[in-house]
Every structure is written in structure tokens, then in C-alpha cells.
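Input: a single structure, listed below in C-alpha cells.
We count ligands from 1, going down the list as the structure has it; atoms in each ligand are counted the same way. Just so it is clear, the values below take in all heavy atoms, side chains as well, and ignore hydrogens, waters and symmetry mates.
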Amino acid sequence: MAGLAASAGVSGMRGVRAAVPQVVVIGAGVTGLSASKTLSAKGIAHVVIEASDRIGGRAFTQTQTFGVPCDVGAHWLHNGETNPLVGFARRAGQAPYEAEDEWTLFSGGKWLEGEDEEDIWDEIDDADRAIERAVDWGADVAAASVVDSDTSALAKFLIGPYEHAASLGSLSTLDWDRQNEGTDMFPQGGLGSLVANWGAGVPVEFGTQATRIDWSGGGVKVETNKGTLSAEAVIVTVATQVLASGAIRFGPGLPDATERAIRDLPLGSYNHIVLQLDGDPFELEEDTMVAYSGVGGTAGLLINAGGSGLTYFDVAGDFGAGLTALGDAAMVEFAREALRDMLGSDGVASLKQAKAFAWERNALFGGAYTAARPGRAGARQALKRPVGDRILFAGEATSVSKPATLDGAIAEGARAARSIADDVL
Ligand SMILES: Cc1cc2nc3c(=O)[nH]c(=O)nc-3n(C[C@H](O)[C@H](O)[C@H](O)COP(=O)(O)OP(=O)(O)OC[C@H]3O[C@@H](n4cnc5c(N)ncnc54)[C@H](O)[C@@H]3O)c2cc1C
């Protein structure tokens, strides 16, 4: 293939790359990067292809909008005790620090204190217990069906969309129970930049978009906008929403169980509206979290993230999806009205700049991260099953123990690579 053949085997980068790869890895998010590192460690020749012009996928730090690092996607290092990025961050000089677990609540036009605040935490405890009871019975149903319908919008937001990017009606109880419970951390300088450093040695063919995987013969032929790559196996790490859209076709078609699993793992809606505020209008410690309910919607705020002057104003779930569909201007307007609600006109006056980032409007992702549909918690395991012993799906979607996270995705990339080394080649 013209573009790839010309560059395949070019030295000067770490990793094992060859003119005739044994494995093609599709996507250079953390899953593809992790798969490549494992394949390289095993001396397996492979090519990583990436449709965009950068690595990191849904972990991306940009500085051009605000002049300081801004995490457009993932921002938290979850499961700090076991997350391999934590050790890397220490070695790379981006020493991570522990996230505070402090919340400030605003609802119905006021900051909640005393009994008002306790009522919300009691509601959250009740809802958690109701879902956990269903989990104990093995009931894979919509979380909304077991949570008291009178639960406040703020409590529902915190147990559903803010963690899972999906509202309680779209969340499987069993999948909900897989949420991370370890220590949350933040690296210095942004999580996207940490991932970019972590993956810097991986050789990647940029601007190379997979369009079809032909597995009718012995191995696989991966068709791309730059030509066709032949290999013995392929690791597919693109988001399930991309697969469900048909952007990559398969010949022959995928088994029904795999197709079904892809559709049972849609990406939810979770987007940052990033606010650059003058001074300290909230008068809250940096990295304090605020849960907001008012002016027709809910949001989670991370105040003055890492002292950067940026406040992440996050919308999610059904409300976030509806707002995001209205466009960036509507998203920013909602954040502005919420500022007015919380801080009055001084709060609005402190807003220097705002920018909304909408993952579902980007065809290379189609959303934020997966939540299994009610009744379909088994879909993650189903998607893990190799197809024809040569197509392996991997990513946050196939992680059963740490779904929707970077560390879950990293483990899955390594798992797929090991599986190819052990069972395919
Ligand atoms: C707003 C937001 C906040 C988040 N917050 C956190 C957080 O705080 N902590 C956390 O742990 N996780 C968080 N996540 C989830 C986390 O970002 C993902 O779980 C993780 O990045 C998924 O990595 P991946 O490699 O599996 O997929 P991706 O990052 O989606 O990588 C897939 C890659 O494939 C490429 N691609 C797509 N189509 C093609 C094609 N046809 N051909 C070639 N390449 C293609 C894409 O460009 C992309 O680079 C967040 C995500 C979002 C969007």
C-alpha cells in the first residue's frame, strides 16, 4: 500500500514495526498504545494505524484555547493504587496528587448546608443501597427501576450521569456496580499530556483510517484510505459507537453475538464546558467539586482545576446529550446562566472565556464512554471473544473490572496483544 509501505520499517522509533506486519492495531488511544507496547515487548511485528493526527484518543490535553493545559477528555486518574499511569507520571515529572473528596452542593437557587445538604447525601445512600440490593439479587435491570422516583435531580445526577455518562434509565444495575472505587488522582500538566508522553515511543501511522476488515481468507486484510494491509490478526480499539455506525465494515459480517454486544455498549454523553474565570469568584479551594441543579439542568463542576484557572463545568446523561445536540453556543449559555444562578452577575462578569467540547459530535468517537444497556451487563465479556481467532476487540468497552476508564483500557490492550501472542501466532 502506497503510504504505509513507504514508511513501514522506518527506523528511529521504538517498537517493532515491519513491512509485513503480523498484527494490525486500529486506533492509537491508550488501548492501541498499550497493545503496541505489549506486542513490541514480545517482538511481534505490527503496525498501529490512527485516523487522526495525534495519539491519545479520548485523553487529550490542549493549550491553544486558554494558554494553559486543558483536558478536553479524560482528566482523572482513577484506581490510583493500581493505575500504571500513576507510576509513569511520577517517573515523567508529572507527579500526581490525590483528588479531594469534598463536594459543595447547589440546588433550587441556594447553596445547601446543614439538613438540606444531608438530605441529598441520604438520598444518594438510599439510591446506592437500592441498586446494590438489586445487584445482590443478580437483577440486571435499569437503575431507574429500583431507585425511588422522588429522588432529587441532584442526587440522580451524582449516582448516574456524572459517573457513568448515562442517566439511570439507561444504566444496567450490574454495570453500574462496576464503577471504580479506588483513589482518584490528578497528574500535573494534564492527563492527556501524560498519555501523550506515555505513548510517545509507539510508532503510529497517522491519517490512516480503517474502512473495512476482510477476514474471508486465512488472515486479515485491513482496508484503509491509504491502501490495504495484510496481517495474521487485527486488534480493533475504536469506540463501540464508531463500530455501530458502520464506519468499519466487516466481510464476512461479524457474528450476531458480537454485533449485539457492540450495540449493547453505547457511548454515553459526558462533555466539558471549560470556563476560564477571573480571580476566585467561587471562593472555594482548587479542585473542589460542585454539584449543580437549576436553570433546567444539572452539572458537575471542578473548580480551578489544579490551580490552572480553568473550571470544568460538566454536563452528562440525557440532559447533557440534549444540550450538546443544541450546539456549543447553547452549552456555553447554560453554563453562563448557571454561573448567574450560583454567583449572581459578578459570577458572569468573571467569565473571561468559555469553550464547549462535544465528543458525540466527533465521528471518530461518537460519545464519551460506554454504559451497558439494562439487561445487557454481559456485553463487555461477549465483545472480548475473539472473532475467527484473528479479530480482537479491546478498549474501555471490553473491561469488565474497570470499564470506561483509561486504566481499564490499558489492561485490555495488553490482554488482546497477549491473547494474539499466545493463541493466534
Ligand atoms: C469527556 C471525557 C471524560 C473522561 N473522563 C475520564 C477520566 O477522568 N478518567 C478516565 O480514566 N477515563 C475518562 N474518560 C474515558 C477515557 O477517556 C476512555 O476510557 C479511554 O480514553 C478510551 O481509550 P481507547 O483507546 O479505548 O479509545 P479511544 O481513546 O477512543 O481511541 C481509539 C482511537 O481510534 C481512532 N479511530 C477511530 N476510528 C478509526 C478508524 N476507522 N481507523 C483508525 N483509527 C480510528 C480514534 O481517533 C482514537 O484515537 C473520559 C472520556 C471523555 C470523553
One line per pair, note the atom names and distance for all nitrogen or oxygen contacts under 3.5 Å between ligand 1 and the protein.
residue	atom	partner	partner atom	Å
ligand 1	8 (O)	H75	N	3.1
ligand 1	8 (O)	W76	N	2.8
ligand 1	9 (N)	W76	O	2.8
ligand 1	9 (N)	H78	NE2	3.4
ligand 1	11 (O)	L406	N	2.8
ligand 1	25 (O)	V30	N	3.2
ligand 1	25 (O)	T31	N	3.0
ligand 1	25 (O)	T31	OG1	3.1
ligand 1	26 (O)	T31	OG1	2.6
ligand 1	27 (O)	R58	NH2	3.1
ligand 1	29 (O)	R58	N	2.8
ligand 1	30 (O)	R58	NE	2.8
ligand 1	30 (O)	R58	NH2	3.2
ligand 1	41 (N)	A210	O	3.0
ligand 1	42 (N)	A210	N	2.9
ligand 1	44 (N)	A51	N	3.1
ligand 1	47 (O)	E50	OE2	2.6
ligand 1	49 (O)	E50	OE1	2.7
ligand 1	49 (O)	E50	OE2	3.2

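Not a single ring-ring contact (aromatic ring centres under 6.0 Å, His included) links F206 to another residue, sequence neighbours left out. For F334, the ring-ring contact (aromatic ring centres under 6.0 Å, His included) partners at least two apart in sequence or on another chain are F313, F319.
Using the six-membered ring where Trp is involved, W111 and F106 have ring planes that are perpendicular, over 60° apart on the 30 and 60° scheme.
Cation-pi contact between R212 and F250: absent, since separation from the ring centre below 6.0 Å together with deviation from the ring axis within 45° is not met.
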Donor-acceptor contacts, no H, no angles, side chain residues 234-242, under 3.5 Å, sequence neighbours left out:
residue	atom	partner	partner atom	Å
T237	OG1	I26	O	2.7
T240	OG1	L265	O	2.6
Q241	OE1	L267	N	2.7

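In summary, the aromatic rings of Y312 and H272 are positioned with their centroids under 6.0 Å apart.
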